[in-house]
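Worksheet for the structure shown next.
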2 protein chains.
Amino acid sequence: MSSPDPFDRHDHAACRKRALAQAEAICAERLTPIRRRVLDLLLESHVALGAYDVLQRLQAEGHRAQPPVAYRALDFLVANGLAHRIERLNAFVACHRPEKCEAPAFLICRECNRVAETASASRRGALARDARALGFEIEQTVIEAQGICSGCRTS
Amino acid sequence: MSSPDPFDRHDHAACRKRALAQAEAICAERLTPIRRRVLDLLLESHVALGAYDVLQRLQAEGHRAQPPVAYRALDFLVANGLAHRIERLNAFVACHRPEKCEAPAFLICRECNRVAETASASRRGALARDARALGFEIEQTVIEAQGICSGCRTS
DNA sequence: AAACGAGACGTTATAACATAACAAGTGTGC
DNA sequence: GCACACTTGTTATGTTATAACGTCTCGTTT
Ligand SMILES: [Zn+2]
Ligand SMILES: [Zn+2]
Ligand SMILES: [Zn+2]
Ligand SMILES: [Zn+2]
């Protein structure tokens with residue numbers, strides 16, 4: 001089955017809870033309060049958050065944080081597969097299925113800025129074939145599609 | 001046939017000349033001296049250049065340029081399909097085949113930093129299918145693979 | 001010719017994104 | 001205790017990108 005579609009309504013409270021539980025399973029005690037809070041901030045938001053957006057939210061909660069605090073937490077989450085960086089937006093989203101996530105691809109609505117995560121073809125596609133032909137060894141692939149979601153198109 | 005492989009040796013003087021000629025055919029008088037020069041700077045370099053790299057080179061040639069000069073030229077080139085932005089690197093490469101270029105994908109060597117342009121599957125792949133299923137209309141897709149090229153791997 | 005508008009470019013200033021470097025606190029194992 | 005790994009706090013700075021406004025040129029309109 002596919003990941004929850006952020007363009008669609010779903011039981012997001014449960015979705016968020018599950019993602020946090022998976023995060024704790026993956027990281028155990030390494031999911032410190034700051035990291036956990038940052039992950040939850042990403043889960044709360046269906047749009048990608050920039051590091052400074054995260055920082056502002058932390059500060060709004062009374063945490064006297066400086067930029068490295070946000071970047072470190074985000075870097076940790078990305079390194080552990082709990083969040084993804086969206087290059088196009090210089091921003092981050094939570095991964096909703098960290099246990100099954102491999103070779104993600106993203107659909108970014110230019111109107112509402114929401115980001116949907118989907119799975120990419122990975123080792124089978126034309127790109128992998130081309131790379132092999134060139135002797136290029138792919139380690140990681142960024143796939144980010146821009147466009148307009150169904151909700152925004154109809155309105 | 002595929003585009004010239006920057007990981008491979010080729011007659012780059014000719015390659016560059018052809019690309020410039022195609023650029024002039026596409027833009028006519030709109031390819032002003034600055035834009036032409038920036039395009040040529042990108043063609044000269046097999047690695048992606050950041051806007052400030054371009055800027056430095058312009059300044060080294062005696063041109064008293066400020067950042068917007070570089071960004072404007074690069075934006076123009078990208079808008080006209082003569083160059084591509086590599087999101088992962090916040091940098092730009094010239095397109096070697098602007099007339100035939102559609103849905104490009106990139107292979108980025110993390111060791112030598114060279115970037116090869118290839119063609120992506122476009123409307124047929126799993127991504128397009130997923131998007132259609134969600135009612136998402138894709139307008140543009142960024143595909144950037146990181147890895148290691150054959151030259152760098154063997155050495 | 002004078003007025004106008006579009007497009008390119010010059011210039012200043014500032015916004016937005018990201019990291020280097022070092023200090024200090026915590027816990028674990030020796 | 002002490003070394004070590006890891007996390008966090010904090011200051012400062014580096015890097016990437018754009019807003020805003022002025023000027024110049026050229027071709028079109030009046
Ligand atoms: Zn994911
Ligand atoms: Zn939308
Ligand atoms: Zn191209
Ligand atoms: Zn290489």
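Reckoned from all heavy atoms, side chains included, excluding hydrogens, waters and symmetry mates. Note that the structure is predicted; figures quoted are calculated from it, not measured. Numbers restart at 1 for each chain; the letters A, B, ... are given by sequence-line order, proteins then strands.
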(request) Give, ordered by number, those residues of residues 61-74 of chain A having at least one heavy-atom distance below 4.0 Å to an atom of DNA chain D; if nothing qualifies, reply none. (result) His63(A), Arg64(A), Gln66(A), Pro68(A), Val69(A), Arg72(A)
How many Å lie between [atom1] on [X] and [atom2] on [N], as a whole number?
{"X": "Leu89(B)", "N": "dT15(D)", "atom1": "CG", "atom2": "P", "answer": "16 Å"}
{"X": "Leu55(A)", "N": "dG9(D)", "atom1": "CG", "atom2": "P", "answer": "12 Å"}
{"X": "Glu29(A)", "N": "dT7(D)", "atom1": "CD", "atom2": "C1'", "answer": "12 Å"}
{"X": "Arg36(A)", "N": "dT8(D)", "atom1": "CZ", "atom2": "C1'", "answer": "19 Å"}
{"X": "Asp75(B)", "N": "dT16(D)", "atom1": "CG", "atom2": "C1'", "answer": "13 Å"}
{"X": "Arg88(B)", "N": "dT15(D)", "atom1": "CZ", "atom2": "P", "answer": "19 Å"}
{"X": "Gln59(A)", "N": "dG9(D)", "atom1": "CD", "atom2": "C1'", "answer": "13 Å"}

(request) May I ask you to say whether Arg36(B) pairs ionically with Glu24(B), meaning some side-chain N is under 4.0 Å from a carboxylate O? (result) yes
(request) Decide, yes or no, whether a salt bridge links Asp40(A) with Arg37(A) under the criterion of side-chain N to carboxylate O below 4.0 Å. (result) yes
(request) Check whether any side-chain heavy atom of Ser120(B) lies under 4.5 Å from a side-chain heavy atom of Leu127(A), and answer yes or no. (result) no
(request) Find out whether Phe92(B) and Leu77(B) are in side-chain contact, i.e. whether some heavy atom of one side chain is under 4.5 Å from a heavy atom of the other. (result) no
(message) Base of dA17(D), side chain of Tyr52(B) - is there a donor-acceptor contact under 3.5 Å?
(response) yes
(request) Could you grab the distance from atom CG of Leu20(B) to atom CG of Leu82(B), nearest 0.5 Å is fine? (result) 9.5 Å
(request) First locate atom SG of Cys152(A), then atom CZ of Arg110(A), and finally report the distance between them rounded to the nearest 0.5 Å. (result) 8.5 Å
(request) Scan for side chain to side chain donor-acceptor pair (under 3.5 Å) pairs involving residues 140-155 of chain B, sequence neighbours excluded, and state none if there are none. (result) Arg88(A)-Gln140(B), Glu137(A)-Arg153(B)
(request) Answer yes or no: does atom CD of Glu61(A) have more than 12 heavy-atom neighbours from other residues, nucleotides or ligands under 6.0 Å? (result) yes
(request) Would you mind telling me which residue lines up with the more 5' stretch of DNA chain C, Asp53(A) or Phe76(B), judged by nearest nucleotide? (result) Phe76(B)
(request) Enter the inter-axis angle for the ends of the helix from dA1(C)-dT30(D) to dC30(C)-dG1(D) (five pairs per end, rounded to 10°). (result) 10°
Distance test, side-chain N/O of [X] to OP1/OP2 of [N], below 4.0 Å:
{"X": "Arg30(B)", "N": "dC26(D)", "answer": "no"}
{"X": "Arg37(B)", "N": "dC9(C)", "answer": "no"}
{"X": "Arg35(B)", "N": "dA8(C)", "answer": "yes"}
{"X": "Asn90(A)", "N": "dA18(C)", "answer": "yes"}

(request) For the pair His12(B) and His46(B), name the ring-plane relationship: parallel under 30°, tilted 30 to 60°, perpendicular over 60°. (result) perpendicular
